[in-house]
Amino acid sequence: MEQDLSYFRDFGEQIEQRLDKLQNFAERGQAAYPPRVIRNHTAAEAITLYDEAEAALPEGSEEKPEITVQVAGRLVAIRIMGKSTFAHIEDGTGRIQIYLRKNDLDDSYDVFKKDVDLGDFIAVQGHLFRTRTGEVTVHADAYQLAAKALHPLPEKWHGLTDIEIRYRRRYLDLISNSEIRDIFRKRSQAISAMRKFLDNEGFLEVETPTLQPIYGGAMARPFTTHHNALDMQLYLRISDELYLKRLIVGGLDKVYEICKDFRNEGISTKHNPEFTMMECYWAYADYEDMMRLTENMIASIAQEVLGTTKITFNGQEVDLTPPWRRLNLAEGIKAQTGIDIFDTYSDVKALWEECQRRNLKVTPQPSWGKLVDELLGEYVEPTIVNPTFIHTFPLDISPLAKQSPSDPRVVERFEAFVVGMEIGNAYSELNDPVAQRQRFLEQQQIADAESHAMDEDYVLALMQGMPPTGGLGIGVDRVVMLLTDQQSIREVILFPHMRSKE
RNA sequence: GAGCCGUUAGCUCAGUCGGUAGAGCAACUGCCUUUUAAGCAGUGGGUCCUGGGUUCGAGUCCCAGACGGCUCACCA
């Protein structure tokens with residue numbers, strides 16, 4: 001069938017020119033998209049090979065290494081000087097310069113000048129040499145087009161800076177901005193390091209449902225979907241907490257899962273509708289054990305990825321070295337505001353009036369815990385730079401956490417903060433089925449969109465008996481933000497959520 | 001969801017008081033056999049985000065909308 005190129009010709013002058021060049025390859029009987037090309041060395045390997053061969057020569061030797069390589073990559077720079085040309089190709093390992101001469105290549109040199117473009121992939125065979133300026137370069141005996149690019153590359157000096165295009169067409173961002181590739185390499189390393197740490201600690205990696213009949217484990221609005229064959233409404237998980245704790249009931253004493261959670265809420269520099277969460281549960285541990293686990297895990301990830309636990313975030317020095325500071329929530333609030341949430345403001349009304357005076361809003365209906373949380377968010381969290389565990393939370397905003405034995409108003413829970421950002425949340429898990437059912441019922445009284453749903457199937461699991469357990473959730477994207485010094489969560493998610501055009 | 005800012009050539013950006021739409025890179029045509037943001041000479045390339053309005057005349061002023069960024073709200 002005749003190829004219809006009219007669609008592509010509409011993309012403009014430069015695409016048309018490239019289509020014509022594509023045609024030229026076809027007319028010469030050369031494949032523009034061959035099934036394979038020969039590539040025996042990466043760019044980095046070729047350079048290392050030459051460096052090492054050179055170093056192996058005797059001191060003061062006039063000899064030069066004779067090494068033939070076959071490299072391939074995307075053409076990212078071309079400098080044509082009449083009958084000779086320098087160019088750079090780039091593969092996943094980096095860049096290498098290539099050198100082409102009319103003398104060596106004859107007709108195919110002219111083809112290169114005429115029909116090969118910046119952005120195309122080519123395979124080059126030749127011997128390595130070092131240029132006058134000292135750069136290891138492949139002197140080409142032959143080259144072959146590996147894949148034609150129809151679109152020109154972004155500008156070579158400034159790269160691609162348009163944020164919208166960077167996110168929507170991340171491949172362009174990755175092609176032209178090497179520091180972006182580095183961020184995502186670090187993200188991958190951080191997740192590997194997290195797995196390695198948890199595996200070493202004896203945790204078992206498990207997988208639990210993304211599609212859930214009842215959503216739970218967090219206070220958030222869910223995405224809903226529908227299963228046709230079963231004709232039932234399902235929710236995309238907002239958390240995997242309740243499933244993981246069922247596994248603790250089942251005797252898997254240390255489990256973790258790294259997965260996407262989905263929350264149908266606002267988008268911001270710290271929130272993406274789908275985000276990556278690590279949750280782990282540890283039988284016979286409590287929230288203080290989880291603090292130690294958290295600080296050791298984050299420090300170990302930083303060490304693995306960055307080689308240090310001292311980092312810079314937004315110009316601030318941050319030390320992730322354990323042990324992290326422990327700050328009692330009530331004491332933190334008192335220190336920043338003078339408000340004593342247990343004494344003067346121990347009832348909702350008094351605290352609410354105080355918050356009103358300070359122009360703080362709590363929706364839809366204020367409870368003591370929500371007001372305390374508001375004060376925390378407003379006055380304490382922003383002051384935190386170095387990692388801090390804020391612990392001992394109000395009970396009414398913690399329906400899955402175990403009540404403190406010394407004070408019925410609070411639970412054994414902490415949130416981990418670094419540079420004003422919450423990166424983790426953990427507690428001694430509530431394992432009393434009667435108390436848990438009661439807490440769910442109390443949540444029903446609140447009856448706002450984000451109160452926790454009654455989950456009788458989960459209560460049934462607790463009725464089977466769950467050992468005392470510590471649980472922890474870590475916002476993986478935020479940890480990556482921290483490690484890569486990025487202020488926006490979109491910079492650490494390859495394809496952040498975007499509104500569709502039109 | 002609200003407020004502020006932005007959207008001009010493939011990319012990065014100028015565009016004065018409302019008066020013929022500009023530069024660099026990229027592209028095209030020449031010259032150029034060790035360059036590296038190669039160089040030199042020349043040429044082409046525009047839905048000025050979209051739709052209305054004001055005006056003799058709108059990239060520029062007004063209104064509405066789309067998309068994005070930041071801040072706020074909700075949240076991790």
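Chain identifiers are assigned alphabetically (A, B, ...) following the order of the sequence lines, protein sequences preceding nucleic acid strands; residue numbering begins at 1 within each chain. Keep in mind that what you see is a predicted model, and the values were worked out from it rather than measured.
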Could you tell me if the ring centre of A:Phe112 sits under 6.0 Å from that of A:Tyr143?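 Close enough - the centres of the two rings lie under 6.0 Å apart.
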Around atom [atom1] of [X], are there more than 12 heavy atoms of other residues, nucleotides or ligands at under 6.0 Å?
X: A:Glu27; atom1: CD; value: yes
X: A:Glu207; atom1: CD; value: no
X: A:Phe8; atom1: CZ; value: no
X: A:Tyr171; atom1: OH; value: yes

A:His139: which residues meet the ring pair (Phe, Tyr, Trp, His ring centres under 6.0 Å) condition with it, sequence neighbours left out? A:Tyr99, A:His127, A:Phe129
Please confirm whether the shortest side-chain N or O distance from [X] to OP1 or OP2 of [N] is below 4.0 Å.
X: A:Arg18; N: B:G10; value: no
X: A:Arg221; N: B:C74; value: no
X: A:Thr269; N: B:U71; value: yes
X: A:Thr161; N: B:C13; value: yes
X: A:Lys21; N: B:C28; value: yes
X: A:Arg263; N: B:C74; value: no

Quick one, [X] and [Y] - any side-chain contact, counting heavy atoms below 4.5 Å?
X: A:Glu279; Y: A:Leu472; value: no
X: A:Glu381; Y: A:Glu422; value: no
X: A:Met291; Y: A:Thr294; value: no

Ion pair present between [X] and [Y], side-chain N to carboxylate O less than 4.0 angstrom?
X: A:Glu415; Y: A:Arg413; result: yes
X: A:Glu442; Y: A:Arg439; result: no
X: A:Arg292; Y: A:Asp289; result: yes
X: A:Asp373; Y: A:Lys370; result: no

Identify, between A:Ile78 and A:Gly159, the residue whose nearest nucleotide on RNA chain B lies closer to the 5' end. A:Gly159
Name the residue closer to the 5' end of RNA chain B, choosing between A:Phe86 and A:Asp477 according to the nucleotide with the nearest heavy atom. A:Phe86
So, with a heavy-atom separation below 4.0 Å from RNA chain B, the residues of residues 7-16 of chain A are A:Glu13, A:Gln14
Between [N] ([atom2]) and [X] ([atom1]): distance, integer Å:
X: A:Leu160; N: B:U7; atom1: CG; atom2: C1'; value: 14 Å
X: A:Phe393; N: B:A76; atom1: CZ; atom2: C1'; value: 12 Å
X: A:Glu381; N: B:C74; atom1: CD; atom2: P; value: 12 Å
X: A:His497; N: B:G69; atom1: NE2; atom2: C1'; value: 17 Å
X: A:Leu400; N: B:A76; atom1: CG; atom2: P; value: 12 Å
X: A:Gln97; N: B:A38; atom1: CD; atom2: C1'; value: 11 Å
X: A:Tyr171; N: B:C11; atom1: OH; atom2: C1'; value: 14 Å
X: A:Arg168; N: B:C49; atom1: CZ; atom2: C1'; value: 12 Å

Can you run down the ring pair (Phe, Tyr, Trp, His ring centres under 6.0 Å) pairs that involve residues 145-167 of chain A, sequence neighbours left out, and say none if there aren't any?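 Matches after skipping sequence neighbours: A:Phe11-A:His151.
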Roughly how many Å apart are [M] and [N], using the [atom1] atom of each and rounding to a whole number?
N: B:U12; M: B:U7; atom1: C1'; answer: 14 Å
N: B:C74; M: B:G6; atom1: C1'; answer: 26 Å
N: B:G24; M: B:A41; atom1: P; answer: 11 Å
N: B:G44; M: B:C28; atom1: P; answer: 16 Å
N: B:C63; M: B:G68; atom1: P; answer: 23 Å
N: B:C62; M: B:C25; atom1: P; answer: 36 Å
N: B:C48; M: B:G3; atom1: P; answer: 28 Å
N: B:G46; M: B:G22; atom1: P; answer: 13 Å

Contact class for [X] vs. all strands (heavy atom < 4.0 Å): base, sugar-phosphate, or nothing?
X: A:Asn264; answer: nothing
X: A:Arg79; answer: base
X: A:Gly475; answer: nothing
X: A:Met498; answer: sugar-phosphate
X: A:His88; answer: base
X: A:Thr131; answer: base

Given side chain to side chain donor-acceptor pair (under 3.5 Å), test A:Glu429 with A:Thr469 step by step and report yes or no. CA-CA 5 Å; A:Glu429 302 296 335; A:Thr469 297; over 6 Å; no
Closest nucleotide among B:G69, B:G68, B:U35 to the A:Arg490 side chain: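 So the side chain of A:Arg490 is nearest to B:G69.
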Minimum-distance nucleotide to A:Asp162 side chain [options: B:C28, B:U12, B:A38]: B:U12
Heteroatom pairs (N/O) under 3.5 angstrom, protein to nucleotides 22-25 of chain B:
{"unit_1": "B:G24", "atom_1": "N2", "unit_2": "A:Glu155", "atom_2": "OE2", "d": "3.4"}
{"unit_1": "B:C25", "atom_1": "O3'", "unit_2": "A:Lys156", "atom_2": "NZ", "d": "3.4"}

Does A:Arg28 count as lying over the ring of A:Phe25, i.e. NZ or CZ under 6.0 Å from the six-ring centre, within 45 degrees of the axis? yes
Criterion salt bridge (charged side-chain N to carboxylate O under 4.0 Å, His left out) against A:Glu90, the qualifying member of A:Arg74, A:Lys156, A:Arg181: A:Arg181
Face-to-face contact A:Phe275 to B:A76 six-ring, under 5.5 Å, under 30°: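 One would call A:Phe275 stacked on the B:A76 base.
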Grab the N/O contacts between the protein and nucleotides 29-33 of chain B below 3.5 Å, and write none if there aren't any.
{"unit_1": "B:C32", "atom_1": "N3", "unit_2": "A:Gly82", "atom_2": "N", "d": "2.9"}
{"unit_1": "B:C32", "atom_1": "N4", "unit_2": "A:Gly82", "atom_2": "N", "d": "3.4"}
{"unit_1": "B:U33", "atom_1": "OP2", "unit_2": "A:Lys83", "atom_2": "N", "d": "3.3"}
{"unit_1": "B:U33", "atom_1": "O4'", "unit_2": "A:Ser84", "atom_2": "OG", "d": "3.2"}
{"unit_1": "B:U33", "atom_1": "N3", "unit_2": "A:Asn103", "atom_2": "OD1", "d": "3.4"}
{"unit_1": "B:U33", "atom_1": "N3", "unit_2": "A:Asn103", "atom_2": "ND2", "d": "3.4"}
{"unit_1": "B:U33", "atom_1": "O4", "unit_2": "A:Asn103", "atom_2": "OD1", "d": "2.1"}
{"unit_1": "B:U33", "atom_1": "O4", "unit_2": "A:Asn103", "atom_2": "ND2", "d": "3.1"}

With both pairing distances under 3.5 angstrom for Watson-Crick or G-U wobble, and | for a partner in another strand, the correct string for RNA chain B is (((((((..((((.....[..)))).(((((.......))))).....(((((..]....))))))))))))....
